[in-house]
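Here the structure is laid out as structure tokens; the discussion comes afterwards.
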Amino acid sequence: MTIALGRYGIWLRKEHLTPALAKEIESLGFGAIWIGSSPPGDLAIAEAAIAATERLVVATGIVNMWATPAAEVAASYHRIETAHPGRFLLGVGIGHPEQTTEYRSPYTTIVEYLDELDAAEVPVEHRALAALGPKVLQLAAERSAGAHPYLTTPEHTREARAQLGAGVLLAPEHKIVLDTDVDRARSIGRPYVDRPYLHLRNYRSNLQRLGWSTDDLDNGGSDALIDALVAHGDAASIAARLDQHLDAGADHVTIQVLGDNAILPTLQKLAPALGLR
């Protein structure tokens, strides 16, 4: 892995990322921003965040293969890499088959897309692959810098590391709510987990592989499942939960802050607990 992400990054929906917020996140000591919600292929939002900062890495988490042609995103990658060498990581993934009307085999689509990125000379070490199950995790190890699993637990991270082996990037995402009121924290976290993820078969299958039952996955998710997927409490307890991913073999943990208007205030309190300030 030639791009230095640091231990912790921030996962942001594309509509939340601004150059000003990127500067604040960098000043707090976080190493990367991951742009979620399928950013458009021109990657202008990533380029603006990089231009506004000095060292921060910007990654996509992820560009959707169903929605964005490989040639388009490859051209955007080369534009950004030329202007800002070593500060952009191209995260790509299959997205959700339920949300496309042009369904084909997900695995075949991923392989063909990576073939096109190869042909467009996007370096393997400058791209990552959204991966949950064993087959795509193996592909991530063979065809990219590594894996960016979403909606996972430290238990998944441990299994993923065992499969990926050493020297392959593993950057899981984990949701957080900075609130010591358990019921309130669950009420904030549950909607983000339930819709759409508990209704998408790739996420359900992954959670079932980890031992969660249908009862845990249905009706908005059991309290135990929500607690496993959304870290909550004070800054110290959230930091301890995130560090479980590092202890399980992650190289980098991607933090998604939940709650309206909570991103920057939460990160200002969390950064010291993570040893960043």
Side-chain angles (χ1 to χ4, degrees), residues 7-13 15-16 21 24-25 28-30 33-34 36-37 61 132 148-160 170-200 202-250 252-277:
R7 290 180 300 162
Y8 307 102
I10 305 304
W11 191 100
L12 294 171
R13 299 183 67 85
E15 58 267 28
H16 293 161
L21 181 56
E24 293 281 2
I25 288 171
L28 293 172
F30 294 96
I33 287 174
W34 293 73
S37 308
L132 289 173
H148 173 48
Y150 185 91
L151 199 75
T152 63
T153 63
E155 291 74 24
H156 180 272
T157 295
R158 185 171 292 105
E159 293 182 6
L170 180 55
E173 175 268 353
H174 204 107
K175 296 170 176 56
I176 70 168
V177 175
L178 185 62
D179 197 324
T180 56
D181 184 300
V182 174
D183 291 337
R184 187 166 57 222
R186 287 173 180 158
S187 72
I188 293 170
R190 179 169 274 109
Y192 289 91
V193 172
D194 183 31
R195 295 286 180 178
Y197 303 112
L198 295 185
H199 300 265
L200 299 174
N202 56 336
Y203 290 105
R204 289 180 66 92
S205 295
N206 185 60
L207 292 167
Q208 288 175 317
R209 276 194 297 267
L210 293 171
W212 296 98
S213 69
T214 300
D215 288 342
D216 286 309
L217 301 178
D218 290 343
N219 302 311
S222 67
D223 287 347
L225 178 66
I226 300 306
D227 291 348
L229 296 173
V230 183
H232 54 78
D234 60 15
S237 61
I238 289 174
R241 177 62 171 166
L242 298 174
D243 282 349
Q244 289 178 13
H245 283 282
L246 298 177
D247 294 340
H252 174 84
V253 183
T254 308
I255 304 161
Q256 182 178 173
V257 178
L258 305 182
D260 294 338
N261 303 315
I263 295 171
L264 193 54
T266 294
L267 296 182
Q268 288 168 338
K269 295 175 182 176
L270 183 62
L274 294 171
L276 299 180
R277 295 182 69 183

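Along the sequence shown, the residues carry numbers beginning at 1. Atom set for the values below is all heavy atoms of this structure, side chains included, hydrogens, waters and symmetry mates excluded. These numbers were taken from a predicted model, which means no experiment stands behind them.
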Q.
Show, in sequence, the C-alpha distance, side-chain angles and deciding distance for Ile238 and Leu242, and conclude whether the side chain to side chain contact (heavy atoms under 4.5 Å, CB included) test is met.
A. CA-CA 6 Å; Ile238 289 174; Leu242 298 174; 4.0 Å; yes

Would you give the length of the straight line joining atom [atom1] of [X] to atom [atom2] of [Y], rounded to the nearest 0.5 angstrom?
| X | Y | atom1 | atom2 | answer |
| --- | --- | --- | --- | --- |
| Leu217 | Tyr203 | CG | OH | 14.0 Å |
| His232 | Arg184 | NE2 | CZ | 12.0 Å |
| Leu264 | Ile25 | CG | CD1 | 7.5 Å |
| Leu274 | Arg7 | CG | CZ | 7.0 Å |
| Ile255 | Ile10 | CD1 | CD1 | 4.5 Å |

Any side-chain heavy atom of [X] within less than 4.5 Å of one from [Y]?
| X | Y | value |
| --- | --- | --- |
| Asp216 | Gln208 | no |
| His148 | Trp34 | yes |
| Leu270 | Ile176 | yes |
| Tyr192 | Leu151 | no |
| Leu21 | Leu12 | yes |
| Ile188 | Val230 | no |
| Leu207 | Leu198 | yes |
| Leu229 | Tyr197 | no |

side-chain hydrogen bond (donor to acceptor under 3.5 Å, both in side chains) partners for [X], two or more places apart:
| X | value |
| --- | --- |
| Glu159 | none |
| Ser205 | none |
| Asp181 | none |

Considering all heavy atoms of both residues, which atom of [X] and which atom of [Y] are nearest to each other, and what is their separation?
| X | Y | result |
| --- | --- | --- |
| Leu132 | Pro149 | CD2-CB, 4.1 Å |
| His245 | Pro154 | CE1-N, 3.4 Å |
| Thr152 | His174 | O-ND1, 3.6 Å |
| Pro172 | Thr157 | CG-OG1, 3.6 Å |
| Ala273 | Ala235 | CB-O, 3.7 Å |
| Ala185 | Asp179 | CB-O, 4.0 Å |

Q | Flag, side chain of Asp243 to backbone of Leu246, donor-acceptor distance under 3.5 Å | A |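 Side chain of Asp243 to backbone of Leu246: no pair is present.
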
Q | Identified salt bridge (Lys or Arg N to Asp or Glu O under 4.0 Å) counterpart of Asp227 within the set Arg186, Arg190, Arg241 | A |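 For Asp227, the salt bridge (Lys or Arg N to Asp or Glu O under 4.0 Å) check succeeds only for Arg186.
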
(Q) According to side chain to side chain contact (heavy atoms under 4.5 Å, CB included), who are the partners of Asp247, at least two apart in sequence or on a separate chain? (A)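 With sequence neighbours excluded, Asp247 shows a side chain to side chain contact (heavy atoms under 4.5 Å, CB included) to no residue whatsoever.
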
Q) Got a sec, which residues hit side chain to side chain contact (heavy atoms under 4.5 Å, CB included) with Ser37, two or more places apart in sequence or on another chain? A)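 Here the qualifying residues are Trp11, Arg13, Lys14, Glu15.
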
Q: Go through the steps for Asp223 and Ile226 under the test side chain to side chain contact (heavy atoms under 4.5 Å, CB included), then give the verdict.
A: CA-CA 5 Å; Asp223 287 347; Ile226 300 306; 5.6 Å; no

Q: Not counting sequence neighbours, list each pair that qualifies as a side-chain hydrogen bond (donor to acceptor under 3.5 Å, both in side chains) and has a residue in residues 262-272.
A: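 Qualifying pairs, neighbours excluded: none.
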
